Amino acid sequence: MITTIEKLQQQIGQTITLQGWTDNKRSSKGLFFIILRDGTGRCQCVVDEASVSVEVFENAKKLTQETSCILTGLVKADDRQLGGVELQVTDLQIVSIAIDYPITKKEHGIEFLMSNRHLWLRSQRQWAIMRIRNTIIYSIHTYFQNEGFMQMDAPIFTGNASEGTSNLFEVDYFDKDTKAYLSQSGQLYGEAMAMAMGKIYTFGPTFRAEKSKTRRHLSEFWMMEPEMAFYDIFMNMDCIEAMMKHVCRDVLAKNRTELNILERDVTVLENTVNVGFPRLLYDEAVAIIKGEKDVNGKNSITSLEDDLKMIDARILEINNEIQERSDKIKNGILKKQGEINFNQAKIDGLKQELKDCEEQQRNIPTWIASAKNFEYGNDFGGSDETVITRLFDLPIMVYNWPHAVKAFYLKRDPNDARFARGVDVLAPEGYGEIVGGGERETDLELLIEKIHEHGLPMEVFEWYLDLRRFGSVPHAGFGLGLERIVTWICKLPHVREAIPFPRMYGNLMP
RNA sequence: UCCUUGAUAGCUCAGCUGGUUAGAGCGAGUGACUGUUAAUCACUAGGUCCCUGGUUCGAGCCCAGGUCAGGGAGCCA
């Protein structure tokens, strides 16, 4: 019977067949230990010379990393193994032998791994990330479908830049004089559909042509954008929070194995499910960034300064240890080659850590300066988001932004005309913005004024203005960056691992 | 676009103040070992030191220009 590794727990004592790829192989006299992966998990398979035919044992000898094969054997419980089971092989057929698979068992650099992304996806860590990504996508759909939202597809070719000045990808549209732009947001179309359906969401690709090279940017990413008629900003925030709680609850329920592989500490995810998100006015958030207001006894500026002190101390420690160990090697205190190799390896590791520390030593002072000198009225920069979110252990919502720094379509706060009813959700642990949204402007005259203010061409927004001319209602919505929430939930160092084939500035292959 | 760090074996990296024939670990190949968990041990093969020019008796190392990559800023989800 053909089965998969994830089902083996229920098949102990049975003889079954697995189809997959050789992840690793160890041998001893008369024994091969094969780690098989089949897309659903990994399992150790033992080939014992005493209990298989000569051909089967010869086949086992031929297995190399990533050779595809079909194994038959008895499923046996074994607590020492990861899945708690082991396969005692009786038959082994090779499907296709892999020669010199490039991604080996030891460490690799990011440039090499990215150029082998098509193969890197097979490794355990990437497997775990992609499974969590899948849970998140499914969870978003089930949440909105259960809440009575209708999924719609917004166009990818658009005739205008929806928010004005962003850098968009431009393509010829049938003839050379007509330009189309790859969509940077489906929101305006979502608003139209919300007036037809009530509550809708889009889930599709989004393109930004900014020449950004940082851990939080992609040129092509997936965004989910709900839009709800008769919602104000507070209902919108309730919706964001409920959706994010739902997603985190699903990941915690379905992906414990994957979170373990990623060594993800889940307390922050549990907080997200169980605790209400702090909702801060822009004014409060600014005071926190500038260090004028503490959060749970933590201060943005002094905590950064403390970090910097710790890094300075660590750099001294590392340098001393490198000095000590290299002196030992030089002075011939160490006799055995093994000891020398061990110390050399330690030194290399310390040098790597030193580089990381020095990087932070360069970055933190500029972050401190940027936080201290934050000018009231500006949007948050990347480092400002890092500074504020490090103080919390669950996502926070910042709302009521100065209207000048936000998009033209956001509703002006009726109580204070300086502000617009936008809301950003910042993920904790330094991750920053993963959701941006708000209540939309309903007043036709104000909207026209805003379009003029932003220097946008009125004619491409006429259809959008019709939404206000014919039965305008209060409505709100938001955009969730899929890769950004995957990055945060998995606690990845870079967004490029959160999508199968990342598209970034200067990178198009594979 | 700007700031910053880097490019040496298939991979990850050493290489001192410029000095003879370029080093390690991993991976690959061969062999040993009957329960391994990135197994271990022995041996073998493996190099356009990113490119172009310069300084020098002599350049992997110094200088100039370029290419590519990492990190950060701006911009953004």
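None of the values given here were measured: they were computed from a predicted structure. Throughout, a chain's letter reflects where its sequence line sits, starting with A, and its residues are numbered from 1.
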Is the phosphate of [N] approached by [X] (side-chain N or O, under 4.0 Å from OP1 or OP2)?
X	N	value
K213(A)	G70(B)	yes
R496(A)	G71(B)	yes
W488(A)	A77(B)	no
H217(A)	G74(B)	no
R215(A)	G72(B)	yes
R484(A)	A77(B)	no

State which of [options] makes the closest approach to the side chain of [X].
X	options	answer
M223(A)	G35(B), A77(B), C68(B)	A77(B)
H108(A)	C33(B), C11(B), G70(B)	C11(B)
S27(A)	A73(B), G70(B), C33(B)	C33(B)

What does [X] touch in the nucleic acid at a heavy-atom separation under 4.0 angstrom: a base, only the sugar-phosphate, or nothing?
X	result
N507(A)	nothing
W367(A)	sugar-phosphate
Q44(A)	base
E49(A)	nothing
Q360(A)	nothing
E86(A)	base
V435(A)	sugar-phosphate
L482(A)	nothing
G436(A)	sugar-phosphate

On a whole-Å scale, what distance lies between the [atom1] atoms belonging to [N] and [M]?
N	M	atom1	result
A9(B)	A24(B)	C1'	11 Å
G19(B)	G15(B)	C1'	14 Å
U8(B)	C68(B)	C1'	16 Å
C57(B)	U52(B)	C1'	24 Å
U21(B)	U5(B)	P	33 Å
C43(B)	U4(B)	C1'	45 Å

On the 0 to 90° scale, with breaks at 30° and 60°, tag the F149(A)-Y201(A) ring pair as parallel, tilted or perpendicular. perpendicular

With side chains defined as the heavy atoms from C-beta onward, is the minimum distance between P510(A) and W120(A) less than 4.5 Å?
no

Rounded to whole Å, the CG-P distance (N24(A) to U40(B)) equals 10 Å

Taking the six-membered ring for Trp and the full ring for Phe, Tyr or His, determine whether the centres of [X] and [Y] are under 6.0 Å apart.
X	Y	value
Y409(A)	Y464(A)	no
Y399(A)	F419(A)	no
H475(A)	Y231(A)	no

* Asked: Does G35(B) have F33(A) stacked on its base, where the ring centres are within less than 5.5 Å and the planes differ by under 30°?
  -> no

Using Watson-Crick geometry (N1-N3 plus N6-O4 or O6-N4) or G-U wobble (N1-O2, O6-N3), each under 3.5 Å, C2(B) is paired with G72(B)

- Task: Would you mind checking if R496(A) and E483(A) are paired as a salt bridge, meaning a charged N to carboxylate O distance below 4.0 Å?
- Result: no

